[in-house]
2 protein chains.
Amino acid sequence: MALTDFNQIRRNAHLPARIAAEIGREIVEGRIASGEKLPTEHLLAQTFGVSRSVVREAIAQLRNEGLVETRQGVGAFATEKDRRQMIRVEPADLTDPENFRDLFQLRLALEVEAAALAAVSHTPDDLKRLDEVLAQMTGAAKWTEEGIVADLAFHRAVAAATRNDYFIQFIGFIAERIQLTINAARAKAVLEEIVEVTIAEHVAIRDAIAARDASRARSAMRDHLDGASGRLNLELTVP
Amino acid sequence: MALTDFNQIRRNAHLPARIAAEIGREIVEGRIASGEKLPTEHLLAQTFGVSRSVVREAIAQLRNEGLVETRQGVGAFATEKDRRQMIRVEPADLTDPENFRDLFQLRLALEVEAAALAAVSHTPDDLKRLDEVLAQMTGAAKWTEEGIVADLAFHRAVAAATRNDYFIQFIGFIAERIQLTINAARAKAVLEEIVEVTIAEHVAIRDAIAARDASRARSAMRDHLDGASGRLNLELTVP
DNA sequence: TCTTGTACGGTTGTCTGATAACCTTATATG
DNA sequence: CATATAAGGTTATCAGACAACCGTACAAGA
């Protein structure tokens, strides 16, 4: 690798993260091949002009992300692409409407199928939880903070009803990202007026799940998310 | 929090990871509430009987996983549950058939919709890439290592044709996990005989995408993954 | 020749202590 | 009362050292 490529780290915020990003880029963009050995910590520290502690923390972060593996007494190596352990979504990316739409589309894919799965797999407890959340939602007079939280809770409850940990994890993760972004955008004024529509859609989903009708649950969820995207002025490529 | 709860770290492998796990457990299990301040690094080091470097690395890891946030000059705080930043899938979990089935079901949700999206969004280049992979697949006489790689490449190509980075990232991640697990299970003998079926299904998907027929692409992919799951003796809850 | 033991240099892991940057709070000042 | 300033605590970074470990080269013995 070319050591001269990266240096001149500005001294303001969180050195290790920036250095980790720097080295990480070298790896994902292939300039450090899979399995190749990284320079020694000592050399990296010297190259970046920081202390070894900082380099160590950076490498620890990369190891945590699954991009490098370290072997004591030997060195640090870029891991085979196969074993990358994580998925990350940068909140900053979501300020771009196009990225936001893309993530919303992914959410649709997941939640539509989750609804179908929930229809088949839910237990009585799951249904009770769904009803609780719905009640809470209807109770929230206005579409304020609580309304948004309740909405998130509903989708989380549907995910839970799938009895599939991966759906729970993935949907929870994505829905939260999306809700946070919406929240940050403060489109509340618009949302207030359409709260009833949203509740009705939620009820439709709940009923389909309760009836154990997978295909109706699927389309109800699709309608809901399609509607939601419209209200957010998103144009999904496949409705 | 109760400092007396954790100490006595055995001295064999990767202290920071073990301490991070220890503190992390305190957080996810709620013994350290959201937003609550952690003890100071100095105190933690003293409590665990290790040096501050180790504690720092542990905290760095937790920060990386999104479980804590640090503010210079103030302290480290357990983050609100909302902002957990990552998704991780432990390969070890997938040896459990039930977990494997659950992940496969998630994959189905993603890939079915990806096929539909690809039908709408693909460019000529994407289609060319699909055909290349298919050719390569047909060329591989037997369902050997190359066949599996080619299969993975096909699904990756479909994901790429969505022109949606999140689909690409998520599907790539999941499909790889699944393929690795299959590979580890060495069910090759069984697979050899059904290679033609698989190729036919792939061609069906390709044709639907090429025809820009979203709904046909959706059902073709659903059929394919449904078939694949059957060949793996998985019983998906919602076919 | 082949195997085994051992010494050596290099690398990561951990420790220690110090300094800088930063925040919060209390106190002094106008 | 509002604002500036000082003090103390905390994290961030630095520097240097030693420990644990690995790979290799080389010598000794069969």
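Sequence lines set the chain letters: A, B, ... in the order given, protein chains first and strands last, and positions in each chain run from 1.
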Which heavy-atom pair separates B/Pro97 from B/Leu234 by the least distance, and what is that distance?
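Taking B/Pro97 first and B/Leu234 second, the nearest heavy atoms are O-CD2, 4.5 Å.
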
Identify whether NZ of Lys or CZ of Arg in B/Arg156 sits under 6.0 Å from the centre of the six-membered ring of B/Phe154 and within 45° of that ring's axis.
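No, B/Arg156 does not lie over the aromatic ring of B/Phe154.
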
Taking the six-membered ring of A/Phe104, is the NZ or CZ of A/Arg107 close enough (under 6.0 Å from the centre) and on axis enough (within 45°)?
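A/Arg107 over A/Phe104 ring: yes.
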
Distance, rounded to the nearest Å, where [X] contributes [atom1] and [N] contributes [atom2]:
X       : N      : atom1 : atom2 : value
A/Phe48 : D/dT13 : CZ    : P     : 14 Å
B/Leu44 : C/dT14 : CG    : P     : 16 Å
B/Gln72 : D/dG9  : CD    : C1'   : 12 Å
A/Ile19 : D/dA12 : CD1   : P     : 15 Å
B/Glu57 : C/dG13 : CD    : C1'   : 9 Å
A/Glu69 : C/dG13 : CD    : P     : 12 Å
A/Arg52 : C/dT14 : CZ    : P     : 11 Å
A/Leu62 : C/dT12 : CG    : P     : 14 Å

Within the structure, does a side-chain N or O atom of [X] lie under 4.0 Å from either OP1 or OP2 of [N]?
X       : N      : value
A/Thr40 : C/dG10 : no
A/Ser53 : D/dA15 : no
B/Arg63 : D/dA12 : yes

Between B/Val74 and A/Val74, name the one whose nearest nucleotide on DNA chain D is closer to the 5' end.
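Mapping each residue to its closest nucleotide by heavy atoms, the 5'-most match is B/Val74.
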
Between A/Arg163 and A/Asp126, is there a side-chain N and carboxylate O pair less than 4.0 Å apart?
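Counted as a salt bridge, because a side-chain N and a carboxylate O are separated by less than 4.0 Å.
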
Less than 3.5 Å between a donor and an acceptor, one on the side chain of A/Arg71 and one on the base of C/dG13, is that the case here?
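Between C/dG13 and A/Arg71, which were checked side chain against base, a qualifying N/O pair under 3.5 Å is absent.
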
